[in-house]
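Have a look at the structure below, then the notes.
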Amino acid sequence: MIEVIAPGAYATVQDLGRPGYGHLGVPRSGAADAPSLRLANRLVGNPEGAAGVELTFGGARLRFAAGAWAAVTGAPCPVELSRPCGDRPAGMCAPFWIAPGDELRIGLPSAGLRTYVAIRGGLDTPVTMGSRSTDSLSGLGPPPLRPGTVLPVGPTGALPPLTVDAAAQPGVMTDVLRALPGPRDDWFVPGALADLCAEPYEVSQDGNRVGVRLRGTCLDRVREGELPSEGMVAGAVQVPPNGQPIVFLADHPPTGGYPVIAVLTSAALARAAQLRPGDRIRFHM
């Protein structure tokens, strides 16, 4: 068992989500930065889709009743183990042993927003519609973590032995989000895609796991009104009537009526999940 002493600003249980339920109005959800969760799980010998903890802006403290292997990836944070005989640092992107009674402390990220903690065996929280993920939009899955939350850990007997000492640390986070045009770019004035890419956008503070709101060049339309609701995907760059883009993340609604001018590539989607308020980014087609 793992006891949450402090969850930080916002922490949830996440795996790779619950795909296949969009027709029922259920988002996929799952880790906002899926590559980081996959890496953390590989480092401790878990299947890539095992459930871990997603931290928003670090600041967490987790106490371990039993010994366990763990790995921390994503937004780089100070990591240390607190124990009666003294604290010791632990590294990012490498498996490390947590002794019984130790407290894992994760500081604030120096860059990025979301950090992932994987435990060998995975978190064994209840499964809802095929996933253990917390969905902030629909309310499915376990509630956000709070002080006193206890997280069970799954069995480790059938897992392969650890074979990796460390993984390469991610490079400098790029300020460019690559995207593909459409599917509704014809709803905008000629040159709107060029306007989208011409100047930087600033990340608003009004964002969450549903989407990243941006401030910058206004994207004007040639059509009035709104679309009938249609399917949406993670990475969709949707433009409401105020002309300011919104990038959909993991907990986005399955449908929407605002036109989508572009869709991020999968690599850019993971980068978008790490944007924090005040960051400035550019789109590139």
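Atoms considered below: every heavy atom in the structure, side chains included; atoms not considered: hydrogens, waters and symmetry mates. Along the sequence shown, the residues carry numbers beginning at 1.
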Could I get the full list of ring-ring contact (aromatic ring centres under 6.0 Å, His included) partners for Trp187, not counting sequence neighbours? none

Under the ring-ring contact (aromatic ring centres under 6.0 Å, His included) test, which residues partner Phe248, sequence neighbours left out? His252

Taking salt bridge (charged side-chain N to carboxylate O under 4.0 Å, His left out) as the test, write out the residues that go with [X], two or more places apart.
X: Arg28; answer: none
X: Asp102; answer: Arg83
X: Arg276; answer: none
X: Arg221; answer: Glu226

With a 3.5 Å cut-off and sequence neighbours excluded, list the donor-acceptor pairs that the side chains of residues 267-274 form with protein atoms.
unit_1: Arg271; atom_1: NE; unit_2: Thr174; atom_2: O; d: 2.5
unit_1: Arg271; atom_1: NH2; unit_2: Thr174; atom_2: O; d: 3.3
unit_1: Gln274; atom_1: OE1; unit_2: Leu113; atom_2: N; d: 2.9
unit_1: Gln274; atom_1: OE1; unit_2: Arg114; atom_2: N; d: 2.7
unit_1: Gln274; atom_1: NE2; unit_2: Asp33; atom_2: OD2; d: 2.9
unit_1: Gln274; atom_1: NE2; unit_2: Arg114; atom_2: O; d: 2.8

Can you name the side chain to side chain donor-acceptor pair (under 3.5 Å) partners of Arg18, sequence neighbours left out? none

What pairs meet the salt bridge (charged side-chain N to carboxylate O under 4.0 Å, His left out) rule with one or both residues in residues 232-258, with sequence neighbours excluded? Arg209-Asp251

Under 3.5 Å, which donor-acceptor pairs do the side chains of residues 155-165 form with other protein atoms, sequence neighbours left out?
none

ILVMFWY cluster membership beyond Val210 - transitive side-chain contacts under 4.5 angstrom: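 Members alongside Val210: Leu137.
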
In the hydrophobic cluster built from side-chain contacts under 4.5 Å, what are the other members alongside Leu180? none

Can any side-chain N or O of Ser29 pair as donor or acceptor with the backbone N or O of Thr134 at less than 3.5 Å?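 Such a contact is found between Ser29 side chain and Thr134 backbone.
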
